[in-house]
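So that the names make sense, note that chain A is the first sequence line, chain B the second, and so on, each numbered from 1. These numbers were taken from a predicted model, which means no experiment stands behind them.
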Amino acid sequence: MEIKVKGKKYAFNEQINGFVLAKTIDAALAKEAIGFKIKDKIYDMGEMILKDCEVEFIVPTSKEAFSILNHSTSHLMAESIMSLFPNAKLGFGPSIEEGYYYDVDFGDYKLKEEDLAKIEKEMMKFSKNGEKFIRKIVSKQEALEIFAADPYKIELINGLDTNEPISTYTQGNFVDLCFGTHVPSTSYIKHFKLLNLAGAYWRGDVKNKQLTRIYGVSFFTLEDLENHLKMLEERKLRDHKKLGKELGLFMLSDYGPGFPFFLPNGTILKNELTSWWLKYHIAHDYMVIQTPIMLSKELWITSGHWSHYKENMYTSKVDKKEFAIKPMNCPGSILVYKNDLHSYKDLPLRYAELGLVHRNEASGALNGLFRVRSFTQDDAHTFIRKDQLVSEIRHLIKLYDDIYSTFGLNYHIELSTRPENSIGDIEVRNESERILKEACKKSKHDFIINPGDGAFYGPKLDFKLKDSMNRIWQCGTIQLDMNLPVRFDLSYIDENGQKVRPIMIHRAVLGSVERFIGIITEHFGGAFPTWLAPVQISVLPVNNQYHLDYAKKLVKDLLKHGFRVKLDEANEKLGFRLRNSQINKIP
RNA sequence: GCCGUCUUAGCUCAAUUGGCAGAGCAAUUGAUUUGUAAUCAAUAGGUUGUUGGUUCGAUUCCGAUAGACGGCACCA
């Protein structure tokens, strides 16, 4: 048998496993390697190599190493939990982007924050024991017997395809149902930390029991772990909720949970942002409109919101008739479109609106400015002819690039394609999906496809930005709509004098102005670019007795030139006032 | 909405086993007139989120409730 590693060939008379191969090459490699790869498939070091192939070893610096280590750490944690809480039942325990978690049912026991330290200690113990991770393929019947005590594992086993081999991993006295792969032994797991507790529904379904999820993270070196923990601390310092308070941007009150108040500084920021947005859109052939906050129930019945979105709408009575506060701006825009007769020559018609919408979000979903119950969408609704689809999408992608690059934001795009229950012209839909896909490919940004995840009324592109905690938030969106034009019987007159249905595009770039402010607050760490900074210049007279008059004149001049200036005439030393300006992040 | 944690002065935080609620910053007043990242001092500031209970006595223990935070679910 001939095995190729890093371009070199090694010959063997019999089948060998990863350990033997690594040892043949280099003793240090055998100690360091945690797995190997053949044609993108990852194996444990103990796996046999069956035939001629090319092997790549996975070492701590390999990109796959982190998730293998963290997955193994979740097993180590599960072992420790079962040792401390023998009655616990285990759910899922995967590795994730920033570590791993394990979902556990502790029965009647309520796991406390302090218990995490106990579990960590137990993990250390098992780590020192250096228990080998042993993979074993079992039959379904065997698996059901091994995990008889754990209803969650039983449910998983019963759900597995009978043709697929069922693999288990054993370390010490602990055995878990798992596809793998794992590090060779628990002694590889030394530098880890249990981070937090959370509740999570079994299999992500509200109808199921909620298990206790424990998040943790694991590294190959103490230094990496410490750096990661330090980074987590630094992220918290950039949290827009903290900066928003410190810089006087916004506040939240118990009198209106989820309804943010913009403070003087935040209002300047918001106004600067939106007036820039308006200028940009006017320059790009958008007509700016404003539609009412509240409209009658009939409109929402026609739009379909009443049946699909009622739970999230705030309602009230006007003249004994039921009204709803708008959760979206589209019906308003549509009424504007319908207010006139349109010629095919007039299209595309682009209506832009900074629309204040209200949605009754679940209380547990609220989060600073990221998830609120009242927010401003930087919305636009464009009505086009079929033949204008390509150029309109191109126009939009360019616009998104322009706007995001102004802030230097990183993002990725997600394309959601046609679901089963889609409506409208399939050809138009396929064509538009193709156009969207092409546009995504051309853009310099990462994009992924969510097959079948589009709305029933049309495909959509979502623009996702990351916050300082690495959480992903949807900001921009482009949605093609083949539904509302039908529901509202929209039309334009074509060159033959016939009524033709236009295609409608919903789009928002910032998404929610509030969320976007949250994102850029964290992105800039509160130190906004000068054009957005609430206070741009602070004037500090060295000595009030001699310099105050001149400072006042300077402030007046700067104000005249349109700068946002503050005079700091506090009776304090220069150093104190400089420090104040720095803390307030005045450019 | 669900699981968990938290809520003390405007802000950031203390307060042994239940025994007079405390500090720094900010504020106010006074002194200092300052040349590059916190000048000194004094004063004021509180029904400990709200509410019910246990107790001679509750910031502390128990219950209810509101809100925030970390997740989950949700985000047609």
Side-chain angles (χ1 to χ4, degrees), chain A residues 91-92 96 101 103-106 110-116 195-215 232 235-236 239 241-242 245-248 251-259 300 303-313 327-328 330 357 359-368 370-373 375 416 419 421 423 453-458 460 462 464 469 471-474 477 479 481 483-484 506 511-512 515 538 540-548 569-584 586:
Chain A
F92 279 116
I96 50 176
Y101 67 77
D103 288 343
V104 186
D105 183 351
F106 285 93
K110 282 200 170 127
L111 196 74
K112 291 183 228 66
E113 211 86 30
E114 303 99 81
D115 293 324
L116 294 186
L195 296 171
N196 43 25
L197 282 176
Y201 298 106
W202 166 239
R203 308 194 109 179
D205 192 330
V206 200
K207 293 194 282 282
N208 290 337
K209 185 172 178 182
Q210 205 158 39
L211 310 183
T212 304
R213 177 170 294 182
I214 306 174
Y215 285 91
L232 291 180
R235 277 183 187 175
K236 280 187 199 151
D239 189 312
K241 295 184 282 289
K242 181 177 153 64
K245 192 181 258 179
E246 286 169 3
L247 302 175
M251 62 173 252
L252 288 158
S253 158
D254 285 3
Y255 289 107
F259 299 99
W300 304 109
S303 70
H305 289 97
W306 196 261
S307 53
H308 286 286
Y309 208 66
K310 191 167 177 284
E311 296 302 303
N312 285 305
M313 288 163 77
M328 286 160 201
C330 358
V357 298
R359 299 180 184 178
N360 187 14
E361 301 289 355
S363 59
L366 303 179
N367 184 332
F370 286 152
R371 195 76 184 270
V372 288
R373 286 176 168 152
F375 57 100
S416 300
N421 62 344
I423 61 151
D453 205 31
F456 70 93
Y457 55 76
K460 61 171 184 171
D462 289 327
K464 312 263 181 170
M469 310 287 271
R471 291 174 295 208
I472 292 168
W473 297 94
Q474 182 178 322
T477 178
Q479 300 182 14
D481 191 335
N483 176 43
L484 288 181
H506 310 248
S512 137
R515 177 179 291 178
S538 190
L540 318 180
V542 175
N543 177 324
N544 278 350
Q545 204 170 313
Y546 301 111
H547 308 131
L548 189 57
E569 56 182 318
N571 190 8
E572 299 286 353
K573 287 168 77 173
L574 187 61
F576 178 86
R577 287 172 290 152
L578 275 168
R579 182 169 180 276
N580 259 353
S581 298
Q582 191 268 335
I583 287 170
N584 291 317
I586 296 167

Check your understanding: Roughly how far, to the nearest 0.5 Å, is the NZ atom of Lys310(A) from the NE2 atom of His308(A)?
Key -> 14.0 Å

Practice item. Would you indicate what Val206(A) reaches in the nucleic acid, counting non-hydrogen atoms under 4.0 angstrom: base, sugar-phosphate, or nothing? Key: sugar-phosphate

Exercise for review: Measure from the side chain of Gln545(A), starting at C-beta and using heavy atoms only, and say which of U33(B), G1(B), A38(B) lies closest.
Suggested key: U33(B)

Revision key, fill the gap. Note, RNA chain B 5' to 3' with Watson-Crick or G-U pairs under 3.5 Å encoded as ( ), [ ], | and . gives (((((((..((((.....[..)))).(((((.......))))).....(((((..]....))))))))))))....

Check your understanding: Considering only heavy atoms from C-beta outward, does the side chain of Cys330(A) approach that of Leu484(A) to under 4.5 Å?
Key -> yes

Review point. Atom CD of Gln210(A) to atom P of G71(B): distance rounded to whole Å?
Key: 14 Å

Review point. Distance check: side-chain N/O of Arg577(A) vs OP1/OP2 of U34(B), anything under 4.0 Å?
Key: no

**Study point:** Listed nucleotide nearest any side-chain atom of Arg213(A), set G71(B), G70(B), A37(B)
**Key:** G71(B)

Exercise for review: Verify, without hydrogens or angle tests, whether Asn367(A) (side chain) and Phe370(A) (backbone) share a donor-acceptor contact under 3.5 angstrom.
Suggested key: no

Practice item. Please confirm whether any donor atom in the side chain of Arg359(A) sits under 3.5 Å from an acceptor in the base of C74(B), or the reverse. Key: no

Practice item. Please determine if Asp205(A) and Arg203(A) form a salt bridge, counting it only when a charged side-chain N lies under 4.0 Å from a carboxylate O. Key: no

Practice item. Have a look at Gly368(A) and say if it touches a base, only the backbone sugar-phosphate, or nothing, with a 4.0 Å heavy-atom cut-off. Key: sugar-phosphate

Check your understanding: Taking atom types as modelled and ignoring hydrogens, do the side chains of Glu569(A) and Asn544(A) form a donor-acceptor contact shorter than 3.5 angstrom?
Key -> no

Review point. Does the side chain of Asn367(A) get closer than 4.0 angstrom to OP1 or OP2 of G70(B) through an N or O atom?
Key: yes

Practice item. Establish, yes or no, whether a centroid distance under 6.0 Å links the rings of Phe92(A) and Trp202(A). Key: yes

Review point. Considering only the C1' atoms, how many Å lie between G35(B) and U28(B), rounded to the nearest integer?
Key: 29 Å

Review point. How far does the P atom of U33(B) sit from the matching atom of U39(B), given to the nearest Å?
Key: 15 Å

Review point. Counting only distance, no hydrogens or angles, is the base of G35(B) paired donor-acceptor with the side chain of Tyr546(A) under 3.5 Å?
Key: no

Check your understanding: NA contact type, Gly575(A), heavy-atom cut-off 4.0 Å: base, sugar-phosphate, or nothing?
Key -> sugar-phosphate

Review point. Looking at the side chain of His308(A), which of A76(B), G70(B), G35(B) is the nearest nucleotide?
Key: A76(B)

Exercise for review: Using a cut-off of strictly less than 4.0 Å, decide whether Lys110(A) has a side-chain nitrogen or oxygen near OP1 or OP2 of G4(B).
Suggested key: yes

Practice item. Give Phe576(A) one of three labels, base, sugar-phosphate or nothing, depending on what nucleic acid heavy atoms sit under 4.0 Å from its own. Key: sugar-phosphate

Practice item. Could you give the distance separating G70(B) and U16(B) at their C1' atoms, to the nearest angstrom? Key: 30 Å

**Study point:** Side-chain N,O (Arg471(A)) to OP1/OP2 (G70(B)) below 4.0 Å
**Key:** yes

Practice item. Remember a base hit wins even if backbone is also touched, and classify Tyr101(A) as base, sugar-phosphate or nothing at under 4.0 Å, heavy atoms. Key: nothing

Check your understanding: Is there a side-chain contact between Val372(A) and Leu366(A) (heavy atoms, below 4.5 Å)?
Key -> no

Check your understanding: Do the side-chain N or O atoms of Asn543(A) get closer than 4.0 angstrom to the phosphate oxygens (OP1, OP2) of U34(B)?
Key -> yes

Review point. Looking only at atom P, what distance separates C62(B) and U17(B), rounded to whole Å?
Key: 15 Å

Check your understanding: Under 4.0 Å between a side-chain N or O of Lys209(A) and OP1 or OP2 of C72(B)?
Key -> no

